[in-house]
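One structure below.
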Amino acid sequence: MATLIDHLSDSRLAALGAKAILAGLDRYTDRFRIITRRARIRFDERDWGGMQSDAADRLDLYGRVVSSVVADLHHLLTDRVEDRSLWAAMKAVYSGLIEGRDDWDQAETFFNSATRKIFTTVGVDPRIEFVDTDFDTPPTPPRHPLHSAFGRRSSTSELIEEVLASQPLGLSDPRTESQRVAQRIDGHLRDIGALQSVERAEMIDAVFYRGQSAHLIGRLFSGSHLVPIVLVVLHPPGGPVVDAVLLTENQVSILFSFTRAYFHVDVDRPHDLVDFLRTLMPRKRLAELYTSLGYHKHGKTVLYRELIHHLARSGELFERARGAEGLVMTVFTMPGFDIVFKVINDTFPSPKTTTPDQVRGRYRLVFRHDRVGRLVDAQEFELLEFERDRFSSELLDKLEGDCTSAVAVEPNRVVIRHAYVERRVIPLDIYVREADPAAATAAMLDYGTCIEELAAAGIFPGDLLLKNFGVTRHGRVVFYDYDELTRLEDCRFRTLPGPRSPEEEMSAEPWFAVGPNDIFPEEFRRFVGIDGGPRAAFEDAHHRLFDPAWWCSMQDRVRRGELIPVFPYESAARLERGDGRRQTADDSRRVDSGEPSDTGR
């Protein structure tokens, strides 16, 4: 029996297919913005659980919509759904349809997602994918201004009061808040040798929401100085307050780190927002900025383009990454491109009992979880293709020997069937060996803070060896080895039983039963692996990590649904309240006790 498709010309069918993909993009965009806009309501109502739920829902949204579009295309195109000539025509039609859109760049990525869901293309096919954008410059001008300008006022305090008044955040005492903020700004201008006044402020109109915080982001101009500014607003029970002022590139970069959850910020043109943010963080990768705003799929597209451009202009080889060899994954990198590729090995030797499916499940957990600045975000890639001669011989031997399920090494090319791509950091064990004593001590102290903050987020790393942690360019310690990572609530923290006889004390084997989820914090000292001052400082500052009672108390708090704040900025960036204390989102919550927090990360 003839079907509708039999009566349609190729051009008509291509137009229908392109419009079906565009309709899917509209569904995704509408839902994405509805969830994003709801962040303001969540903040106003202190609905932190709702904010968490929205964050997870928005992360899952893209995959759900792309799957529905692919189902629509199968129904529309039937047996021609894998006709590449038809898809080439669809791409041409689609490019014309998106030319007048503000989100043309996101639209190209969405088309690619549909294409790669249908075709198992090794590498890329420029006939049916937007390998590079079709638009060298934005095809449309901005329809609305991204930011507002605030001119010189009689004082910095007056200027900041106007900035705060422009946003309906419900501050109970804007004048006093403005004075505190202005005092911090004026002090910073003196420190950097700028004029003792702010000539102009440019603030992004949209508010950036994440977790329990709202952020007003912009830039200040004082003479020849451009100063980034972020006002962090929390909403404790007594009403919203400005908790911190961030005024340096490093502070803002850490706020947008690849180790943090994504912001909820509603704008018409993400491209323009990213351009503005790059003036504040010129060293931040373009891909990371898109990802930090919740456009993780487009961030993945941009990252791939950055990699291809690097390969084209450099003769560097992929090589084994620095650090101790893992039992579960093989890790490689390129010296001049600060990312690593991680592929799962074919088999895991003893004592590993993890399976490849469990490893992938843990990466999914990290993707959907609040990473609190301590878990490295990863992009998942499939069917990448590179020339064989771009790999070192040592790496090729490793891939051919241990990774044949994830990698195919062919005479002229290497096909990576599946990999996780992450930002490269310095392994902590290497860092503390090579750094000066002060830097090594600081890293070890932050190693302990990293473990504590992960516990506050309901995560137990599993393997606490230093080689599984890394140090970022900002000197922050992060965790990146997820094969034994687990939810804190699934652990059973126990006190190490003492021997009942001399024979048990001398035994090489445990004299007590150990369950699969049993954890003995008293044993953590043996994972430190270094001696001297850095170790002593770590054990003194973080002795509670060796106490099962502390872990059980953290476990109880997480199970009760308590949201324990972890700040993405140092204590010095926070403002003191009128009584000399610093305010948290809820003063009853902190990582190590029930006292008001005066530290933050």
Side-chain angles (χ1 to χ4, degrees), residues 42 47-59 209-213 232 234 243 254-264 291-292 294 361-378 422 425 445-464 468-470 472 476-493 517 519 521 524 542 544-545 550-570 584-586 588-594 597 599-601:
R42 303 297 193 193
D47 182 5
W48 313 131
M51 187 67 186
Q52 281 188 325
S53 177
D54 284 348
D57 187 28
R58 203 179 69 165
L59 287 172
Y209 295 95
R210 183 172 63 192
Q212 301 177 62
S213 305
V232 184
L234 302 183
D243 181 71
I254 289 171
L255 188 71
F256 282 81
S257 170
F258 56 90
T259 60
R260 299 198 181 277
Y262 306 148
F263 284 105
H264 288 223
T291 299
S292 70
R362 283 159 184 158
Y363 271 87
R364 286 192 294 272
L365 169 62
V366 169
F367 171 69
R368 299 182 80 251
H369 204 278
D370 184 358
R371 290 181 288 279
V372 295
R374 298 298 184 174
L375 296 170
V376 176
D377 195 12
E422 303 173 359
V425 296
L445 290 174
D446 203 45
Y447 163 66
T449 303
C450 175
I451 297 170
E452 292 179 0
E453 292 183 350
L454 287 175
I459 291 292
F460 181 68
D463 191 338
L464 299 182
N468 298 320
F469 295 76
T472 71
R476 288 177 53 81
V477 174
V478 297
F479 184 66
Y480 55 68
D481 192 320
Y482 302 150
D483 56 271
E484 292 189 21
L485 176 145
T486 188
R487 296 180 187 274
L488 193 73
E489 58 196 87
D490 295 332
C491 300
R492 184 181 178 218
F493 295 100
N517 296 324
I519 296 168
F524 291 171
H542 298 288
R544 55 183 166 267
L545 292 177
W550 182 84
W551 285 97
C552 290
S553 69
M554 291 298 296
Q555 197 174 47
D556 289 342
R557 296 172 72 182
V558 170
R559 282 174 175 160
R560 291 196 305 268
E562 184 176 333
L563 298 177
I564 306 171
V566 175
F567 300 104
Y569 38 85
E570 69 276 14
T584 70
D586 185 334
S588 67
R589 300 165 178 161
R590 65 177 301 192
V591 171
D592 58 340
S593 76
S597 175
T599 61
R601 291 284 171 181

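Residue indices begin at 1 and follow the sequence shown.
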Worksheet item: In terms of side-chain geometry, is the basic nitrogen of Arg210 or Asp370 positioned less than 4.0 Å from the acidic oxygen of its partner?
Response: no

Worksheet item: Got a sec, which residues hit side-chain contact (heavy atoms from CB on, under 4.5 Å) with Arg364, two or more places apart in sequence or on another chain?
Response: Arg360

Practice prompt. Check whether any side-chain heavy atom of Met554 lies under 4.5 Å from a side-chain heavy atom of Leu454, and answer yes or no.
Written response: no

Discussion item. Between Gln555 (side chain only) and Leu488 (backbone N and O only), is there a donor and an acceptor less than 3.5 Å apart?
Written reply: yes

Discussion item. List the residues meeting ring pair (Phe, Tyr, Trp, His ring centres under 6.0 Å) with Tyr447, not counting sequence neighbours, and say none if there are none.
Written reply: Phe469, Phe538

Worksheet item: Short question: side chain of Trp551, backbone of Leu545 - any donor-acceptor pair under 3.5 Å?
Response: yes

Discussion item. Quick check: closest heavy atoms across Arg58 and Tyr262, and the distance to 0.1 Å?
Written reply: NH2-CB, 3.9 Å

Worksheet entry | All side-chain contact (heavy atoms from CB on, under 4.5 Å) counterparts of Asp483, not counting sequence neighbours | Val328, Lys352, Val359, Asp481

Item to complete: List for me each residue that meets salt bridge (Lys or Arg N to Asp or Glu O under 4.0 Å) alongside Arg371, sequence neighbours excluded, and say none if there are none.
Response: Asp377

Item to complete: Taking the side chain as every heavy atom from C-beta outward, state whether Phe493 and Trp550 have any pair of such atoms under 4.5 Å apart.
Response: no

Discussion item. Is there a side-chain contact between Arg260 and Ile254 in this structure, where contact means two heavy atoms from C-beta onward sitting under 4.5 Å apart?
Written reply: yes

Response to the item:
Taken in chain and number order and not counting sequence neighbours, the residues that satisfy side-chain contact (heavy atoms from CB on, under 4.5 Å) with Asp556 are Arg559, Arg560

Worksheet item: Is there a side-chain contact between Leu485 and Leu375, using heavy atoms and a 4.5 Å cut-off?
Response: yes

Worksheet item: Looking at OG1 of Thr449 and CZ of Arg374, how far apart are the two atoms once the value is rounded to the nearest 0.5 Å?
Response: 6.0 Å

Practice prompt. List in chain and number order the residues that pass side-chain hydrogen bond (donor to acceptor under 3.5 Å, both in side chains) with Asn468, two or more places apart in sequence or in another chain; answer none if no residue qualifies.
Written response: Asp463

Discussion item. Quick check: do Gln52 and Leu563 have side-chain heavy atoms less than 4.5 Å from each other?
Written reply: yes

Discussion item. I'd like to know if the side chain of Arg476 reaches the main chain of Gly373, judged simply by a donor and an acceptor atom lying under 3.5 Å from each other, with no hydrogens or angles considered.
Written reply: yes

Item to complete: Hey, could you give me the SG/CG distance between Cys491 and Asn517, rounded to the nearest 0.5 Å?
Response: 6.5 Å

Worksheet item: Okay, side chain of His369, backbone of Ala457: is any donor-acceptor separation there less than 3.5 Å?
Response: yes

Discussion item. Suppose we screen for side-chain hydrogen bond (donor to acceptor under 3.5 Å, both in side chains). Which residues come up paired with His542, at least two apart in sequence or across chains?
Written reply: Glu452

Worksheet item: Who pairs with Thr472 by side-chain hydrogen bond (donor to acceptor under 3.5 Å, both in side chains), at least two apart in sequence or on another chain?
Response: none

Practice prompt. Using side-chain hydrogen bond (donor to acceptor under 3.5 Å, both in side chains) as the criterion, list what pairs up with Thr259, not counting sequence neighbours.
Written response: Ser257

Worksheet item: Excluding sequence neighbours, so at least two apart, what forms salt bridge (Lys or Arg N to Asp or Glu O under 4.0 Å) with Arg368?
Response: Asp60

Item to complete: Check for a donor-acceptor pair, side chain of Glu489 on one end and backbone N or O of Val558 on the other, with a separation under 3.5 Å.
Response: no

Worksheet item: Quick one: CD1 on Ile459 to CZ on Phe479, what's the gap to the nearest 0.5 Å?
Response: 9.5 Å

Fill in: Donor-acceptor contact present, side-chain Ser53 to main-chain Gly50, <3.5 Å
no

Item to complete: Only counting residues at least two apart or in another chain, list the ones meeting side-chain contact (heavy atoms from CB on, under 4.5 Å) with Arg362.
Response: Thr354, Gln358, Tyr482

Worksheet item: Who pairs with Arg42 by salt bridge (Lys or Arg N to Asp or Glu O under 4.0 Å), at least two apart in sequence or on another chain?
Response: Asp47, Asp54

Practice prompt. Determine, step by step, whether Phe258 and Thr291 satisfy the side-chain contact (heavy atoms from CB on, under 4.5 Å) criterion, reporting the C-alpha distance in whole Å, the side-chain angles of both residues, the deciding distance to 0.1 Å, and the verdict.
Written response: CA-CA 8 Å; Phe258 56 90; Thr291 299; over 6 Å; no

